[in-house]
Each structure stands twice: as C-alpha cells, then as structure tokens.
Amino acid sequence: MVTYNEPNIRLAGNIVDSIKTMADLLYEIKAGTPLGNTLKTLLNLCHRDAKVSAGGVMTLTGISFVALASTTDVSEYDLQKALDYLQQRGIFTCRPASWKEC
Amino acid sequence: MDKIRCMKELAIFSTLDFIEREKIGALAGKKVYRKNEYIFRESEPADTIYLIKYGRVRLFKVSEGGKEITLDILKEDDILGENTFFEDALHTMDAQAMEETFICSCCKEHFGLLLQNPQAALKIIQLLGEKLNNYTEQVASIAFRDVKGRISAALLRLAGEYGRTSDEGTTIDIELTHRDLANLVNASRVMVTNILICLRQEGAISTNGHRITLLSREKLAVSPEAF
C-alpha cells in the first residue's frame with residue numbers, strides 16, 4: 001500500500017497541482033474569459049510598471065479598480081471574481097487603498 | 001509490431017536496473033489508440049496515469065461557446081492524466097490521439113510504487129516539471145507576444161522537441177497543419193497562414209506540404225510586447 005506522505009510523492013503532487021493551475025489559466029487566457037483577460041492585463045502591467053523586490057515579488061501600486069476593469073474590458077463584478085480566484089490560487093494578492101479600489 | 005516496446009523500455013525508466021524494469025513492465029497496461037480516439041474525456045474519473053510510447057496526443061478543453069481550446073500536444077515519453085494524483089479527481093480536459101498512438105498506463109497505486117524508487121521518481125518529477133514549464137511559457141507567450149511572436153516561439157519550441165537537423169536547417173518532423181498551429185498559438189488559421197507566408201518571404205522558414213523547416217532562428221524574431 002502506498003503512503004502518500006512520502007516526500008517524492010508529495011513533491012510530485014505539488015507539481016501536479018501547479019500544472020493544473022497553469023493549464024486552467026492557459027485555458028482561460030486562450031478562451032478570452034474575464035479571468036483570462038484580467039490575468040493577461042495584470043501580467044502586462046507587471047511587466048511594464050511593477051517594482052521587483054529582492055525576493056522576486058512584483059508590486060504594482062495605484063491601480064484603480066474601475067480603471068483596471070475598463071482596461072481589461074470586463075465588468076467590475078467579473079473583475080472582482082477574477083481577482084478573488086487569482087488571490088485564492090496565490091498568484092496575486094490585492095490590498096485595497098479604499099473601498100472602491102482593490 | 002517493432003514500434004511497440006514495453007513500458008519498461010520508456011526513456012524515463014532507462015536508469016532502472018533489470019529487475020525494477022521488469023516489475024514496471026508487469027504493472028503496465030498497453031493500448032494502441034486510433035487517430036481521433038479519446039484517451040479520456042473531461043469530467044471522467046481520473047484513476048489512471050498514461051505514458052506515450054509513440055504517437056501524438058492533443059489535450060484540449062471545450063469552451064462555453066463550443067470552441068476546442070488546445071492546451072498542449074504531447075509526444076513520445078510524455079505523461080498525461082496526472083490529475084490521478086488527487087483523491088477522487090476528475091479529468092479537467094479531453095485527451096485525443098492525433099494519429100495512431102501507443103500508450104502505456106498504470107493505476108494510481110502502481111504509480112505510487114514507481115515513485116518510491118528514487119530514480120524513477122526523479123525522472124517522473126522532471127517530466128512533470130517540464131510540463132509545468134511548458135504551460136507557464138505558453139501563458140507568458142500569449143500574454144506578452146503578438147501572433148507573429150507566438151508563432152515564432154511555437155516553431156522554435158517544436159523544433160526543439162521534434163527537430164531533425166539537415167544542411168538546410170531544422171525540420172519540424174511532424175505533420176503540422178495551419179489549424180494545429182493556430183490552435184496552439186490561439187490565432188485564426190488565416191492569420192497563421194499569412195504569417196507563415198511572411199516568415200517564408202523573410203527567409204526564416206521554408207515549407208514543404210505540412211512540414212516546416214527553420215532556416216534562420218535569428219530571423220524568427222520574437223515580438224516582446226502584446227499590450
């Protein structure tokens with residue numbers, strides 16, 4: 001009987017989890033869903049404007065929630081759902097500057 | 001059939017000794033899939049891991065609008081069905097043979113046994129890592145590159161995987177239709193055709209039927225920004 005807490009099995013499981021996330025995101029981007037468009041916009045904003053810390057964490061500041069929705073061409077409702085998903089998967093974290101900003 | 005070798009002869013198990021390879025061979029299921037036959041469908045229970053001996057498999061999802069979104073094209077020695085690692089998991093995409101494809105399979109418990117062998121585990125983890133890198137690169141490619149850049153990047157990647165070098169250049173040694181390429185890079189078939197004509201005129205590639213030869217890697221310039 002296999003014990004699934006062995007280190008190599010846990011490592012493989014973690015990679016499989018990441019594969020699943022990236023495959024899902026690839027689908028969302030290719031299908032042009034609100035989540036895919038949000039991720040694409042955020043990646044490009046990071047590529048252009050983000051400050052990169054010594055640990056490799058990219059930080060974007062001063063983005064209005066409304067402007068982000070407009071740039072991404074999604075509704076504010078869809079943008080919130082997309083940001084919630086990306087935060088839940090640990091890809092982006094958002095810190096609101098005010099109630100209307102994420 | 002000469003092409004059919006046993007699972008124990010797959011490259012990922014080449015570092016194992018004779019007894020271990022025999023053990024792996026005994027655990028494996030084997031099946032030849034015909035062109036367009038499904039290996040598994042989205043939402044089916046994921047209880048088997050598959051390794052390709054020869055042939056090609058397309059992984060795709062169907063969008064709400066009914067469009068097939070290609071996520072990857074797998075080849076010999078690639079792994080699929082890795083969702084089986086999770087308890088009570090379902091497949092999250094479809095897997096379909098693009099040509100006659102021979103596949104070895106083993107159930108979750110047997111795959112766990114393979115992972116207990118350090119050398120086999122290392123090979124499997126490397127394979128999974130490559131798969132993760134491929135998806136990550138595709139996400140970055142679509143996010144950051146225009147269609148020409150995506151096609152160039154896809155051609156360079158395919159040449160790395162399927163390339164056969166000659167005096168002329170590197171030929172991608174698989175039948176690749178414009179539609180296949182369009183599915184891979186998320187562009188229309190017409191756009192792919194136009195860009196391949198453009199790349200041919202620039203002297204970056206030559207084409208012969210469905211075979212593409214890379215004449216100049218330097219000329220396959222990658223457009224960095226899509227936004």
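Proteins get letters first, then strands, A, B, ... in listed order; numbering begins at 1 in each. Quick caveat, the model's predicted, so the values are computed rather than measured.
- Among B:Leu59, B:Leu122, B:Asn83, the residue with the largest count of heavy-atom pairs under 4.5 Å with chain A is B:Asn83.
- Applying a 4.5 Å heavy-atom cutoff, the residues of residues 130-140 of chain B that approach chain A are B:Lys131, B:Leu132, B:Tyr135, B:Thr136, B:Gln138, B:Val139.
- The only option from B:Arg58, B:Lys35, B:Arg56, B:Lys75 that meets the salt bridge (charged side-chain N to carboxylate O under 4.0 Å, His left out) definition with B:Glu99 turns out to be B:Arg56.
- Ring geometry for B:Phe102 against B:Tyr54 counts as parallel: the plane angle stays under 30°, on a 0 to 90° scale with 60° as the upper cut.
- Within the 4.5 angstrom heavy-atom criterion, only side-chain atoms of B:Ile69, from C-beta onward, approach chain A.
- Among residue pairs with one or both ends in residues 183-198 of chain B, none qualify as salt bridge (Lys or Arg N to Asp or Glu O under 4.0 Å); sequence neighbours excluded.
- Without hydrogens or angle criteria, B:Thr84 side chain to B:Thr48 main chain gives a donor-acceptor distance under 3.5 Å.
- Residue pairs satisfying the salt bridge (Lys or Arg N to Asp or Glu O under 4.0 Å) criterion with at least one member in residues 13-33 of chain A, sequence neighbours excluded, are listed as follows: A:Asp17-A:Arg89, A:Lys20-A:Asp24.
- With a 4.5 Å cut-off on non-hydrogen atoms, A:Leu11 touches chain B through its side chain but not through its backbone.
- Highest contact tally toward chain B, considering only A:Gly36, A:Ala23, A:Gly13, A:Ala31, is held by A:Ala23 [criterion: heavy-atom pairs under 4.5 Å].
- Below 30°, between 30° and 60°, or above 60°: for B:Phe60 and B:Tyr38 the angle between ring planes is between 30° and 60°, a tilted geometry.
- Scored by the side chain to side chain donor-acceptor pair (under 3.5 Å) test, A:Ser18 finds no partners at all (sequence neighbours excluded).
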With side-chain hydrogen bond (donor to acceptor under 3.5 Å, both in side chains) as the criterion, how do A:Asp84 and A:Gln80 come out once you've worked through the C-alpha distance, each side chain's angles and the decisive distance to 0.1 Å?
CA-CA 6 Å; A:Asp84 288 346; A:Gln80 189 60 61; 3.0 Å; yes

